[in-house]
Number of protein chains: 2
Amino acid sequence: MTGTDEFKCRKRGNEMSEKLVFASIGMDHGHIYGMTDGLLGAGAVMKWAYDPDSEKLEAFVKKYENTGVMAAESIDQILADPEVELVATACVPGDRAELGIRTMEAGKDYFVDKAPVISLEQLDAMKEVIARTGRKYFVNYSERLHSEAAVFAEQLIKEGKIGRVLQVLGMGPHRIGKPRPDWFYDRSRSGGILIDIGSHQIEQFLFFTGAKDATISSSHIANYNHPQTPDWDDYGDVSLVADNGATCYFRVDWFTPDGLTNWGDGRTFILGTEGYIEMRKFVNITDNSGAPKMGHVFWVDKEGEHYENVHGKMGYPYFARLIADCKNRTDTAMDLEHALKAAELSVKAQMQAKKVAG
Amino acid sequence: MTGTDEFKCRKRGNEMSEKLVFASIGMDHGHIYGMTDGLLGAGAVMKWAYDPDSEKLEAFVKKYENTGVMAAESIDQILADPEVELVATACVPGDRAELGIRTMEAGKDYFVDKAPVISLEQLDAMKEVIARTGRKYFVNYSERLHSEAAVFAEQLIKEGKIGRVLQVLGMGPHRIGKPRPDWFYDRSRSGGILIDIGSHQIEQFLFFTGAKDATISSSHIANYNHPQTPDWDDYGDVSLVADNGATCYFRVDWFTPDGLTNWGDGRTFILGTEGYIEMRKFVNITDNSGAPKMGHVFWVDKEGEHYENVHGKMGYPYFARLIADCKNRTDTAMDLEHALKAAELSVKAQMQAKKVAG
């Protein structure tokens, strides 16, 4: 620790005793910024950051300079610090289980980016360490938790606007953009498309239908148009049936066209007995109304057709609940079984997927 | 034939020798009006109409009073008239194959509403009679053929705007509205939801992907919320893979909410290697721009996000082609194998469907 760091640390001593203290480890996926922002915005204090890649670490620490975050020299340094209560990570998906085990064995709670695991073995290991250590385990299914549209949709459903939820249909297109690191194209490290970005979709399906479990009716993967990375999936889809009879289908892909004004035209359609909701979370194509880019929610019910842009209006209640759960040892942010079930079904969908092209 | 009818008939004698003469038989489904309008609009002449239900027949003849159409006394009367070249029908789905056989054996071409058959036995019988008689067989897959949005989408794809088509995702919600006739709820007469309204979706998938065949990966039916008609499907979905590797998913249902300003918010998403198209064929929810209710096409490509309302701009080239095919014995309107394959896959999807609720 440098002298400056020690100063910063002392300066924040009192603050830390009240507030949740966390460290961010592993910046392989950009989600670490969203996770960090969410925690900071809800009042947590970031003491440490670490990534083995010094460039990534420097960029991260620079971005959060005004928080007083310190660059750690190793993961062990962070895990040995009794002040740290929570570790947040968006390291390579294949490494997330191992870091979780180390973190929880060190007596800290764990906030892991989706997908939290890439195999059923890793999932079992996580279940074991959670049970053994009693630590909290949170998964950043950001396409719901970090989406104001989804927060609003949850409210509409609770208000009974669309009746009983029968089906969730999701489209999760993503832009590939500039070349990604090697791990991204390596199935043994990223898990595959249905794990990587499909897990968001399965989590939303279980959540919005209130299901505890589901069976996979069919799943497909393809490499339609990226022959230079033949073992990688540029497309995937899954059809599921929940234990309560609700159905789900989603498609994920890496085909966002260059001309789209955001990274992906993610849509979620929630069909109910009395109406339906459509979320256009990240862009409402060709909209020139001056509304914010994100957060478009449309719904149709008995009364009529409705639209609201909820960007900046809902916030992200998940992060405050997560912090409260760590402090009070409660379970308000997300049901653990639910978080693990979404991970399990994502892995199973990927394992069972039929490769249809490439 | 009444005196008035004979007069009308003589009056139109010359006209009929040039133009295609058709008869409309069976008004059980309202599609008969769209089929009739399409044929009349493309220059055909309607000589006869018939339905065993005299109320239905009267209403139909009254609606087309100014065309000079005559109410026939029986199907046989129409089939015995050598002037009639084509029979159009939207009779009960289960009866469409039998009428087709009678029509083609009488030496006339046949224009049948979707779904044209409700069993593989009926499909085989149709194939046999088509081969034996050499008559033309046209199926009214109206959600593409009678949709200007779909005509425009076809053009965008041909122009290469979205590259190679990888996936077609369709939603076909319908409003149940006022109580339907008994046959509608009787699986042995309507065939079930994946045949009745799913056939539209499969036809579009095969068409837009240019596939010749496909396999069904999974299909579901449900009766989620209509316990008074337990054997009827209010929901269905299918996941398919084409012989060229393209994928498809569609959902059909009878849950259009009361507040929607049209009968169903049908959507079709066509994903390509370079872009995608979204059709909002029947309504663009909450749109208050003054654009027509129908015919909204959005597409995103390398250049940007685009929107056009094509209502009244494209027309329905299918009907003129159909008439030309009858007159010239050509095959320009729709490939016969394609029309039959869509019917076959609809029946198979229904037969294989897992019932998930009700």
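Side chains are part of it too, since the values below use all heavy atoms of this structure and drop only hydrogens, waters and symmetry mates. Each chain gets a letter, A, B and so on, in the order the sequences are listed, and its residues count up from 1.
Residue A/K212 qualifies as open at atom NZ: its count of foreign heavy atoms under 6.0 Å is 12 or below. Atom NZ of B/K341 has more than 12 neighbouring heavy atoms from other residues, nucleotides or ligands inside a 6.0 Å radius. Around NZ of B/K302, the count of heavy atoms belonging to other residues, nucleotides or ligands within 6.0 Å does not exceed 12. Environment of CG in A/D335: crowded, with over 12 heavy atoms of neighbouring residues, nucleotides or ligands closer than 6.0 Å.
The part of A/D253 that comes within reach of chain B is its side chain, from C-beta onward, which places non-hydrogen atoms under 4.5 angstrom from that chain. Of the atoms belonging to A/V241, it is side-chain heavy atoms, and not backbone ones, that fall under 4.5 Å from chain B. In this structure, chain B has no heavy atom under 4.5 Å from any part of A/N244.
With hydrogens and angles ignored, the 3.5 Å screen pairs no side-chain donor or acceptor of B/Y224 with any backbone N or O of A/R164.
Inter-residue side-chain proximity for B/M171 and A/L271 is flagged as unmet; no heavy-atom pair is nearer than 4.5 Å. Within the 4.5 Å cutoff, the side chain of B/T247 has heavy atoms near those of the A/V356 side chain. Within the 4.5 Å cutoff, the side chain of B/L169 has no heavy atoms near those of the A/D237 side chain. Side-chain contact check for B/I162 versus A/F255: every heavy-atom pair is 4.5 Å or farther apart.
When A/G245, A/G275, A/S219, A/G358 are compared by the number of non-hydrogen pairs under 4.5 Å with chain B, A/G245 comes out ahead. Interface check for chain B: of the options A/E303, A/R251, A/H306, A/H220, the most heavy-atom pairs under 4.5 Å are formed by A/R251. With chain B as the partner, the residue from A/V283, A/L260, A/D258, A/D265 showing the most heavy-atom pairs under 4.5 Å is A/L260. Across A/Y276, A/W299, A/Y307, the residue that shares the most heavy-atom pairs under 4.5 angstrom with chain B is A/Y276. Comparing A/G163, A/A222, A/G272, A/G304 by heavy-atom pairs within less than 4.5 Å of chain B, the highest count is held by A/G304.
Atom CD of residue A/E308 and atom OG1 of residue B/T286 lie 11.5 Å apart, to the nearest 0.5 angstrom. With rounding to the nearest 0.5 Å, the separation of NZ in A/K354 from OG in B/S217 is 5.5 Å. Here B/F298 contributes atom CZ and A/D287 contributes atom CG; the two are 9.5 Å apart, rounded to the nearest 0.5 Å.
Closest non-hydrogen pair, A/I285 versus B/E278, comes out as CD1-OE1, 4.1 Å. Taking each heavy atom of A/E274 and B/P257 in turn, the nearest pair found is O-CB, 3.5 Å.
Inspection of the B/S239 and A/Y249 side chains reveals no N or O donor paired with an N or O acceptor under 3.5 Å. A/S218 and B/S218 form a side-chain donor-acceptor contact under 3.5 Å, judged by distance and modelled atom types alone.
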Go through it in stages, so that I can follow the logic: the residues are B/R267 and A/R267, the test is side-chain contact (heavy atoms from CB on, under 4.5 Å), and I'd like the CA-CA distance, side-chain angles, deciding distance and then a yes or no.
CA-CA 12 Å; B/R267 305 278 186 106; A/R267 305 279 186 105; 3.9 Å; yes
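Below 30°, between 30° and 60°, or above 60°: for A/F269 and B/F269 the angle between ring planes is above 60°, a perpendicular geometry.
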